[in-house]
Amino acid sequence: MASANGDGTIAFGRVQMLLSKRSESIAFFGGKGGVGKTTCSSAYAFALANKGLKTLLVSTDPAHSVGDLLEVKAGPEAVEVADQLWVREIDPEEASYRYLNEVKGNMRGLAAPSLWKEVERQMDFAAASPGADEAALFDDMVSTILTAESEYDRIVFDTAPTGHTLRLLSLPELMSVWVEGMLARRAKTKELHRMWHNVAGVSEVEEPRDQVYELLERRKNRFAAARKRLLDEKATSFYFVLNPERLSILESAKAMALLQKYGVSTGGVIVNRVLPADVDGSFLAKRREQEAQYLQEIAERFSNRQQLHIPMQAEDIRGLAGVAEIGEWMNRNRFGSL
Ligand SMILES: Nc1ncnc2c1ncn2[C@@H]1O[C@H](COP(=O)(O)OP(=O)(O)OP(=O)(O)O)[C@@H](O)[C@H]1O
Ligand SMILES: [Mg+2]
């Protein structure tokens with residue numbers, strides 16, 4: 001697909017090698033809606049698998065399209081779609097249902113039987129509330145991070161448009177704070193109980209195991225472990241896909257600053273849908289003029305990042321063969337950890 005120009009540059013795109021090679025096991029692909037996240041994350045996962053690395057491509061986008069793009073049937077269970085390449089789409093509704101059942105099961109063990117019905121009613125209300133799917137999605141993402149790493153060499157996340165993903169990545173911190181608050185309150189209640197027993201002179205009574213406390217503690221530990229992986233720059237990278245267009249550049253720059261604030265390490269930048277060098281016509285010439293300015297802006301704004309250009313293709317990218325070609329291009333240019 002790439003061809004050499006007279007001046008020795010490659011018509012397909014260009015790459016700036018500014019970062020030392022990474023060997024991260026978790027890669028996120030994010031960016032504005034429609035810029036090419038699914039295409040690029042799939043191509044990257046394909047290229048990793050092609051190198052013999054057992055790779056899991058996970059979609060956290062509720063409007064999944066990994067299966068559609070690759071023309072494979074994907075669902076909550078990982079399926080092998082090519083040699084060493086596995087795909088799964090987290091289904092928020094299914095995750096929400098599973099999560100709820102797990103919580104209900106836990107609550108049954110904790111609440112008095114006379115309260116079960118009320119507890120279930122409350123849980124069903126909670127399930128229908130805004131944010132419930134997101135919480136379940138987040139829980140699934142945490143599980144994936146904690147379990148898939150031992151099974152796969154690489155995990156690649158295809159994410160939903162920026163805002164949604166940023167919220168998801170900020171959740172480990174929010175959830176930890178929340179759970180810690182609950183734990184502190186729980187500890188205080190226990191302490192009050194103990195004092196009351198002392199005052200009442202029944203201090204010898206052995207305290208029952210506090211299952212709620214243990215449940216919260218386990219949750220806190222899971223979040224903390226996932227957070228540690230997300231914030232470890234050797235383990236996790238967040239790649240931005242953008243188009244040479246004003247809003248796409250602005251959104252990526254903002255998101256990158258926010259991720260930095262959260263401490264998530266951002267990797268390279270993929271500039272997708274760059275006008276190929278050999279298309280002409282006066283309309284395209286004008287677009288190319290404007291695009292040149294945006295490419296310059298991207299080069300400057302993200303100057304400390306690896307940058308890979310992917311040209312606009314004449315046709316839609318379809319199936320494994322379509323992404324394989326882009327994956328090959330990423331590989332040749334040693335994008336990310338390739
Ligand atoms: N370099 C390219 N040349 C031509 N078409 C492209 C290119 N990259 C992506 N596309 C097409 O653009 C459309 C959107 O791509 P993709 O689904 O990868 O974007 P996305 O960022 O994942 O979108 P969403 O935000 O909806 O998840 C698809 O039809 C895809 O085939
Ligand atoms: Mg997508």
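For ligands, and for the atoms within them, numbers begin at 1 and follow the listed sequence.
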Task: Within-4.5 Å side-chain heavy-atom neighbours: Glu149 and Arg229 - done: yes
Task: side-chain hydrogen bond (donor to acceptor under 3.5 Å, both in side chains) assessment of Glu300 paired with Gln296 - done: CA-CA 6 Å; Glu300 286 165 11; Gln296 183 61 31; 2.7 Å; yes
Heavy-atom nearest neighbour in the protein, as seen from [atom], with distance rounded to 0.1 Å:
atom                    : value
atom 26 (O) of ligand 1 : Gly34 N, 3.9 Å
atom 3 (N) of ligand 1  : Gln313 N, 2.8 Å
atom 17 (O) of ligand 1 : Thr38 CB, 3.9 Å
atom 27 (O) of ligand 1 : Asp61 OD2, 3.4 Å
atom 30 (C) of ligand 1 : Thr39 OG1, 4.0 Å

Task: N, O or S atom of Thr39 closer to the Mg ion (ligand 2) than 2.8 Å - done: no
Open item on the list: As a quick check of understanding, evaluate side-chain contact (heavy atoms from CB on, under 4.5 Å) for Asp153 and Thr55, giving each step before the final call.
Closed with: CA-CA 6 Å; Asp153 300 310; Thr55 304; 5.8 Å; no
Between [X] (side chain only) and [Y] (backbone N and O only), is there a donor and an acceptor less than 3.5 Å apart?
X      : Y      : answer
Trp329 : Ala324 : no
Thr159 : Phe29  : yes
Ser248 : Asn243 : yes

Open item on the list: With nothing but distance in play, are any N or O atoms of Gly36 less than 3.5 Å from an N or O of ligand 1?
Closed with: yes
- [ ] Show your reasoning for whether side-chain contact (heavy atoms from CB on, under 4.5 Å) applies to Thr144 and Phe157.
- [x] CA-CA 10 Å; Thr144 306; Phe157 283 100; 4.1 Å; yes
TODO: Could you check whether the rings of Phe335 and Tyr239 sit parallel, tilted or perpendicular, using 30° and 60° as the cut-offs?
DONE: tilted
Open item on the list: Could you check whether any heavy atom of Cys40 sits closer than 4.0 Å to an atom of ligand 1, since that is the contact criterion I want to use?
Closed with: no
Pick from [options]: the one approaching [atom] most closely through a non-hydrogen atom:
atom                    : options                      : value
atom 8 (N) of ligand 1  : Asn272, Leu69, Asp316        : Asn272
atom 2 (C) of ligand 1  : Ile326, Val271, Ile317       : Ile317
atom 20 (P) of ligand 1 : Lys32, Lys37, Glu315, Arg318 : Lys37
atom 12 (O) of ligand 1 : His309, Met312, Arg273       : Arg273

Task: Distance in Å, Thr39 OG1 paired with Arg318 CZ, rounded so as to fall on 0.5 Å steps - done: 13.0 Å
Open item on the list: Could you tell me, atom by atom, which parts of ligand 1 come under 4.0 Å of a heavy atom of Gly33?
Closed with: 25 (O)
